[in-house]
Amino acid sequence: METLQRLADTIAARRGADPESSWTARLLAQGPEKCAGKFGEEAVEAIIEAVKGDRARLAAEAADVLYHLLVMLAAREVTFDEVLAELARREGTSGIAEKAARKV
């Protein structure tokens, strides 16, 4: 979890950086829609590797998914702490009960 927090902090720090000096700054400068698109692309690549069964490639693609998820969140100014708080709120609740509660 510490690694993801450091990554989220690094992404937040890149928000105002020169897009020529940072891939993260470049993505953020292109706007939330581009960041969401990149997240979607990486998610599809992870799905492909999961279907293929290549563990090493799946791990690599999953890392890309996590990075691009954090960039997408940053593009919409949603912090990693907000996501963790939501996960904590759901902790101890079965997935079935949690999904049922959303419908109410």
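Just so you know, residue 1 is the first one in the sequence shown, and it goes up from there. Only this structure's heavy atoms are used, side chains among them; waters, hydrogens and symmetry mates stay out.
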Name the atoms and distances for all side-chain donor-acceptor pairs under 3.5 Å in residues 58-73, with sequence neighbours left out.
residue	atom	partner	partner atom	Å
Glu61	OE2	Arg57	NH2	2.7
Tyr67	OH	Thr24	OG1	2.6

Side-chain donor-acceptor contacts of residues 36-50 below 3.5 Å, not counting sequence neighbours, with atom names and distances?
residue	atom	partner	partner atom	Å
Lys38	NZ	Glu41	OE1	3.3

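Residue pairs meeting the salt bridge (charged side-chain N to carboxylate O under 4.0 Å, His left out) criterion with at least one member in residues 66-77, sequence neighbours excluded: Glu33-Arg76.
Here the straight-line distance linking atom CD of Glu2 with atom CG of Leu4 works out to 10.5 Å at 0.5 Å rounding.
Nearest heavy atom pair, residue Ala29 against residue Pro19, reads CB-CG, 3.9 Å.
Contact of the Thr10 side chain with the Arg14 side chain is registered, since non-hydrogen atoms from C-beta on lie closer than 4.5 Å.
In this view, Thr79 and Glu82 satisfy the side-chain hydrogen bond (donor to acceptor under 3.5 Å, both in side chains) rule, not counting sequence neighbours. For Arg89, the side-chain hydrogen bond (donor to acceptor under 3.5 Å, both in side chains) partners are Glu86, not counting sequence neighbours. Partners of Ser94 by side-chain hydrogen bond (donor to acceptor under 3.5 Å, both in side chains), not counting sequence neighbours: none found.
Counting only distance, with no hydrogens or angles, the side chain of Ser21 and the backbone of Asp18 share a donor-acceptor pair below 3.5 Å.
With a 6.0 Å radius and a threshold of 12 heavy atoms from other residues, nucleotides or ligands, Leu87 has its CG atom above the threshold.
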